[in-house]
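Labels below follow one simple rule: chain letters A, B, ... track the order of the sequence lines, proteins then strands, and each chain is numbered from 1.
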Protein chains: 2
Amino acid sequence: MTALQMACGSCAMHRLCHPLTGAEGWLDAVQARRRLERGQKLFRAGAPQAAIFAVRAGTLKVSAPDGAGGHFIVRFLLPGDAAGLDGLAGGVHPTEAVALEDCQVCEIPRVRAEILAEGIPTVGAVLRSLIASQLAGSQVHSALLARHAAGERVARFLLDLSRRWDERGYSAASFRLPMLRSEIGEHLGLTMESVSRVLSDFQSRGWIRLTRGAIALLDLDQLRACAAIPLR
Amino acid sequence: MTALQMACGSCAMHRLCHPLTGAEGWLDAVQARRRLERGQKLFRAGAPQAAIFAVRAGTLKVSAPDGAGGHFIVRFLLPGDAAGLDGLAGGVHPTEAVALEDCQVCEIPRVRAEILAEGIPTVGAVLRSLIASQLAGSQVHSALLARHAAGERVARFLLDLSRRWDERGYSAASFRLPMLRSEIGEHLGLTMESVSRVLSDFQSRGWIRLTRGAIALLDLDQLRACAAIPLR
DNA sequence: CGAGAGGTTGAGGACCATCAACGCCAGTGG
DNA sequence: CCACTGGCGTTGATGGTCCTCAACCTCTCG
């Protein structure tokens, strides 16, 4: 499995890792690069937050255990995404991150991030902006869960992945789906069966083509129309 | 209507407004206090973010328009809560805040907050912590919407309000409900009718008592059991 | 009093969860 | 090579939950 690898320049953490363009004299933000095998956890829910992370290669799921064996999947991480920021409130990770495939991750110790934030104003601003951006995203996702039907949830999920791959310079029309149907369901508040039925329906309409572990979006306009329908 | 007023000491923004306990020489964080009448907007969705806010008295709803006339209510604000932080990502408010009753609000201009964050390390940390805390809360709310039935959503909503009033030194068992049933529904992903039915059901079981614009929680244990919240 | 907003209650139906069976594929071991 | 196995995905039947639509109630205010 050869996972895609991001250039640092298009990473969400770039301006945090390299705050002084061309300059030096500061300690590196990134302490270490870690490799994760499929299924391995980057950090655990309830564990003290020691670092924040940037995904360099591979994909992960960020999930919140519900105390009864179940999980809600908060978001999926693609190369260039930041992770672990929600622990900056209490110093404890409320969520956990699990590799969906073999991954490579940059680790920025919490203390080091704080030193940089104190010493370089732009770093503090970048950090705030990253967290606020995830906050806005989470609010949008809540709205999706609260007000939209199954088909619209799946359509938006696919379009969101499409946009994010596009932003990274990869195909917006064809990409892998490394997560299980059940994991898509845990992200969208649906069952595995409902996700499967909606995807089958989209395929029968000719809007997508499903292949093992991947998907092709054939009719973005139809998907967008489907995603734009507000419920009620 | 005499709204409850917070002491600054128990405000979420306190360590941002008064970073140097006992010291001075810095400009005040708070530029102005604004009064809002019921229905008035503190800031509008899509407007450039000029400031962040702390609620001093009264309650508000923070809502995200869905582009088709509908709204999803992201959270309700009580005295001492911070607002407008989700605009720190792009400089534009993705949501809007509307007063549910007459309110008093402290306004901290964005620029001033940034100057303080640059000059005083703890201010930057407090800001990060506030945003991250809202992020964690939003993720929990998403999980609520994705995985829980109507009764559990309403029970957790009531217990959440109860805890927050308790943290502020007010009764955890009896408080006003300044929002409409339809607004509770827009927050919980339910219709007004469903909210009303669940509340009526709770009342018929003797768990709560509803009076006009207020509620008394009579059996917190039953509500907790219904909400499936592990006791702390 | 009448009007209107907010809230409650009821009947019926849509949507999605649940339960169950089956197909496909990869890996394993005979 | 094949059978076996288990994980994953698909599809069908059925039922429950909550939405929709509608009527009615309560309270406030002019």
Problem - Chi angles and distances behind the salt bridge (Lys or Arg N to Asp or Glu O under 4.0 Å) call for A:Arg35, A:Asp102 - result: CA-CA 7 Å; A:Arg35 293 189 170 279; A:Asp102 292 356; over 6 Å; no

Between [X] ([atom1]) and [N] ([atom2]), how many Å, whole number?
| X | N | atom1 | atom2 | result |
| --- | --- | --- | --- | --- |
| A:Ile184 | D:dT10 | CD1 | P | 9 Å |
| A:His148 | D:dC19 | NE2 | P | 14 Å |
| A:Arg147 | D:dT20 | CZ | C1' | 15 Å |
| A:Leu177 | D:dC8 | CG | C1' | 14 Å |
| B:Glu183 | C:dG6 | CD | P | 9 Å |
| B:Leu188 | D:dC19 | CG | P | 11 Å |
| A:Arg38 | C:dA26 | CZ | C1' | 13 Å |

Problem - Heavy-atom pair with the smallest gap, counting every atom of B:Leu190 and B:Val195 - result: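 Shortest heavy-atom contact: CB-CG2, 4.2 Å.
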
Can you tabulate the close N/O pairs, meaning under 3.5 Å, that link protein atoms to atoms of nucleotides 8-15 of chain C?
unit_1: C:dT8; atom_1: OP1; unit_2: B:Arg181; atom_2: NH2; d: 3.4
unit_1: C:dT8; atom_1: OP2; unit_2: B:Arg181; atom_2: NE; d: 2.9
unit_1: C:dT8; atom_1: OP2; unit_2: B:Ser196; atom_2: OG; d: 2.8
unit_1: C:dT8; atom_1: O5'; unit_2: B:Ser196; atom_2: OG; d: 3.2
unit_1: C:dT9; atom_1: OP2; unit_2: B:Ser200; atom_2: OG; d: 2.6
unit_1: C:dG10; atom_1: N7; unit_2: B:Arg197; atom_2: NH1; d: 2.8
unit_1: C:dG10; atom_1: O6; unit_2: B:Arg197; atom_2: NH2; d: 3.1

Exercise for the section: Among B:Ile184, B:Leu144, B:Val198, find the residue that satisfies the side chain to side chain contact (heavy atoms under 4.5 Å, CB included) test when tested with B:Phe157. Expected result: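 With B:Phe157 as partner, side chain to side chain contact (heavy atoms under 4.5 Å, CB included) holds for just one option, B:Ile184.
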
Problem - Sugar-phosphate only, base, or nothing, as touched by A:Gly189 at under 4.0 Å among non-hydrogen atoms - result: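 The answer is sugar-phosphate, as A:Gly189 gets under 4.0 Å only of primed atoms, P, OP1 or OP2.
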
Handout entry: Summary of salt bridge (Lys or Arg N to Asp or Glu O under 4.0 Å) pairs that have at least one residue in residues 192-201 of chain B, sequence neighbours excluded
Key =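 Residue pairs passing salt bridge (Lys or Arg N to Asp or Glu O under 4.0 Å), neighbours aside: B:Asp201-B:Arg205.
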
Problem - Distance test, side-chain N/O of B:Thr191 to OP1/OP2 of D:dC19, below 4.0 Å - result: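 Yes, because at least one side-chain N or O of B:Thr191 sits under 4.0 Å from OP1 or OP2 of D:dC19.
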
Exercise for the section: Enter the distance from B:Met13:CE to B:Cys8:SG here, rounded to the nearest 0.5 Å. Expected result: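 If I round to the nearest 0.5 Å, the distance is 11.5 Å.
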
Exercise for the section: Map every base of DNA chain C to its dot-bracket character, where paired means a Watson-Crick or G-U wobble contact with both distances under 3.5 Å and | marks a partner outside the strand. Expected result: ||||||||||||||||||||||||||||||

Exercise for the section: Please examine the side chains of A:Ser129 and B:Leu88, heavy atoms only from C-beta on, and report whether any two atoms are closer than 4.5 Å. Expected result: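 In short, these two side chains do not touch, never coming nearer than 4.5 Å.
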
Carboxylate-amine/guanidinium contact [X] [Y], below 4.0 Å:
| X | Y | answer |
| --- | --- | --- |
| B:Glu96 | B:Arg44 | no |
| B:Arg33 | B:Glu107 | no |
| B:Arg164 | B:Asp81 | yes |

